[in-house]
There are 2 protein chains.
Amino acid sequence: MDDRLADELMELAFRLAGRIRTGIDRTATGLDLPPAQAQALMHLRSPAPMRELADIMACDASNVTGIVDGLERRGLVQRRPDPRDRRVKNLVLTEEGEAKRDALRAGISEVAAEVFHLPAADRRALRDLFRKMLDDPADGPVGAPTGASALSRPE
Amino acid sequence: MDDRLADELMELAFRLAGRIRTGIDRTATGLDLPPAQAQALMHLRSPAPMRELADIMACDASNVTGIVDGLERRGLVQRRPDPRDRRVKNLVLTEEGEAKRDALRAGISEVAAEVFHLPAADRRALRDLFRKMLDDPADGPVGAPTGASALSRPE
DNA sequence: TATTGTTATACTCTATAACTATA
DNA sequence: TATAGTTATAGAGTATAACAATA
């Protein structure tokens with residue numbers, strides 16, 4: 001196998017990842033959101049129990065407390081006790097929270113459009129190559145659901 | 001423009017980045033190296049002044065002190081005063097340090113081979129698409145040197 | 001004056017363990 | 001017993017500021 005080519009791909013991937021990270025950080029900072037709060041806001045179903053957010057972010061539940069504290073301080077979410085299971089607190093986005101989340105998503109879409117600045121045919125080719133790598137059965141059944149999505153920390 | 005396609009590419013890129021990160025973390029852990037020390041070891045020219053390592057890792061010089069402390073504790077590098085400029089300390093890999101660095105590079109090459117597990121033609125196509133994205137003149141002159149390379153945190 | 005490297009300090013992110021209140 | 005969420009605490013990683021030695 002041509003390992004030098006794989007090494008070059010690794011290096012190129014790192015440079016692209018750097019661009020994506022920089023773009024997202026800039027977006028989050030522009031919206032006055034620390035990275036962890038941005039990631040949470042990005043993926044928050046509303047309403048959803050805190051436990052679900054910990055699963056999506058693939059982090060310990062104890063972290064979620066602090067992250068949600070921050071979101072609550074900013075008036076973006078509220079904690080509401082679940083009437084059916086009083087251990088649970090459901091997170092509900094405020095109106096401002098929804099607006100912030102939408103702005104965040106729009107900003108990240110802009111970053112995507114900039115980073116993947118390619119003719120449509122190239123974009124499709126790239127998508128197909130990405131899918132091919134991710135569907136590799138060495139990783140498990142094809143298309144197995146992960147429960148997490150973009151910006152979470154899968155695998 | 002087809003922004004949904006760009007969004008999908010972003011999500012796929014995150015999943016790939018997760019695989020790469022997991023693989024590299026596993027490699028570094030297997031070699032008993034914390035991530036920061038692994039990154040430093042990966043890129044250390046030998047001999048090189050500490051200042052250069054800070055530049056390569058794109059972090060503050062004060063961090064390098066601690067990282068090099070760790071590498072020195074493990075017997076992987078030595079600090080040597082530069083005879084020509086006595087402010088400078090040159091970092092020199094020990095024999096064990098060179099062996100560790102080689103093992104690290106080999107491990108990361110393995111991760112690259114696994115992640116970019118594609119037929120040769122697809123790999124070349126992917127490389128060309130990556131290059132196309134990175135050469136976008138919106139980012140500056142084509143091929144402008146960055147001073148940093150893979151695994152560093154460019155941009 | 002400017003630079004190399006160090007120290008002290010602080011902030012963020014993350015994890016573990018112990019706790020409470022529920023179930 | 002087990003789970004949801006909190007708190008306390010500790011460990012990385014990173015940043016700034018002040019400092020000593022040297023240029």
Side-chain angles (χ1 to χ4, degrees), chain A residues 18 21-22 24-25 28-29 32-45 47-74 77-92 148 151-154, chain B residues 18 21-22 24-25 28-29 32-45 47-74 77-92 148 151-154:
Chain A
R21 182 165 23 76
T22 302
I24 291 180
D25 285 355
T29 302
D32 186 34
L33 288 169
Q37 286 179 41
Q39 196 198 345
L41 190 59
M42 187 73 186
H43 295 291
L44 195 54
R45 252 197 334 128
M50 296 186 59
R51 174 71 243 176
E52 184 176 306
L53 190 51
D55 291 338
I56 289 172
M57 298 183 71
C59 73
D60 192 84
S62 61
N63 297 322
V64 173
T65 298
I67 293 166
V68 170
D69 284 349
L71 291 172
E72 209 168 27
R73 232 182 297 120
R74 285 162 210 264
V77 307
Q78 289 177 347
R79 285 169 161 102
R80 290 208 198 139
D82 187 317
R84 287 178 304 178
D85 180 343
R86 281 151 56 205
R87 293 171 305 178
V88 172
K89 289 177 190 166
N90 284 306
L91 300 175
V92 184
L151 280 192
S152 67
R153 306 189 142 193
Chain B
R21 182 166 22 78
T22 302
I24 290 180
D25 285 356
T29 302
D32 187 35
L33 288 169
Q37 286 180 41
Q39 196 199 344
L41 191 59
M42 187 74 187
H43 295 290
L44 193 55
R45 251 195 337 126
M50 295 188 55
R51 174 72 243 174
E52 186 176 305
L53 190 52
D55 291 338
I56 289 172
M57 298 183 70
C59 71
D60 192 83
S62 61
N63 298 319
V64 173
T65 299
I67 292 166
V68 170
D69 285 349
L71 291 171
E72 208 169 27
R73 236 182 294 119
R74 284 163 212 262
V77 308
Q78 289 178 347
R79 285 168 159 102
R80 290 207 197 140
D82 187 317
R84 288 179 304 181
D85 181 342
R86 282 151 56 203
R87 294 171 304 179
V88 172
K89 290 178 188 165
N90 285 306
L91 299 175
V92 184
L151 281 192
S152 67
R153 307 187 141 193

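Here is how names work: the chains are called A, B, and so on, in the same order as the sequence lines, proteins then strands, and each is numbered from 1.
Direction of the helix axis in the helix from C:dT1-D:dA23 to C:dA23-D:dT1 shifts by 10° between the two five-pair termini, rounded to 10°.
B:Arg74 and B:Pro34 get closest at one heavy-atom pair: NH2-CD, 3.3 Å. The heavy-atom pair separating A:Val64 from A:Met50 by the smallest distance is CG1-CE, 3.6 Å. Scanning all heavy atoms of the two residues, the minimum distance from A:Ala28 to A:Ala38 falls at CB-CB, 3.8 Å.
Between the CD atom of A:Glu52 and the P atom of D:dG5 there is a distance of 10 Å, given to the nearest Å. Counting to the nearest Å, the C1' atom of D:dT6 and the CD1 atom of A:Ile67 are 14 Å from each other. The distance from atom CD of A:Glu72 to atom C1' of D:dT6 is 13 Å, rounded to the nearest whole Å. Between the CG atom of B:Leu53 and the P atom of C:dT6 there is a distance of 11 Å, rounded to whole Å. As a whole-Å value, the separation of A:Gln39 CD from C:dC13 P is 10 Å. For the pair B:Asp82 CG and D:dA21 C1', the computed distance is 14 Å after rounding to whole Å. The interatomic distance linking A:Asp69 (CG) with C:dC13 (C1') rounds to 15 Å, in whole Å. Computed from coordinates, the A:Arg51 CZ to D:dA2 P distance equals 16 Å when rounded to whole Å.
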Could you walk me through whether A:Gln78 and A:Leu91 pass the side-chain contact (heavy atoms from CB on, under 4.5 Å) test, one step at a time? CA-CA 6 Å; A:Gln78 289 177 347; A:Leu91 300 175; over 6 Å; no
Given B:Gln39 and B:Met57, is the side-chain contact (heavy atoms from CB on, under 4.5 Å) satisfied, shown in steps? CA-CA 8 Å; B:Gln39 196 199 344; B:Met57 298 183 70; 3.4 Å; yes
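The residue among B:Val64 and A:Ala36 whose nearest nucleotide of DNA chain C lies closer to the 5′ end is B:Val64.
A:Leu33 contributes atom CG, which lies 12.5 Å from atom CD1 of A:Ile24 (distance to the nearest 0.5 angstrom).
Evaluation of the side chain to side chain contact (heavy atoms under 4.5 Å, CB included) rule for B:Pro47 yields B:Asn90, B:Val92 as partners, not counting sequence neighbours.
No salt bridge links A:Arg87 with A:Asp82; every basic N to acidic carboxylate O contact stays at or beyond 4.0 Å.
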Encode nucleotides 15-23 of chain C as B, S and - characters from 5' to 3', where the letter depends on protein heavy atoms closer than 4.0 Å: B to the base, S only to sugar-phosphate, - to neither. BBB---BBS
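Residue B:Lys89 is tested with B:Arg51, B:Arg80, B:Arg79 for a side chain to side chain contact (heavy atoms under 4.5 Å, CB included); the sole match is B:Arg79.
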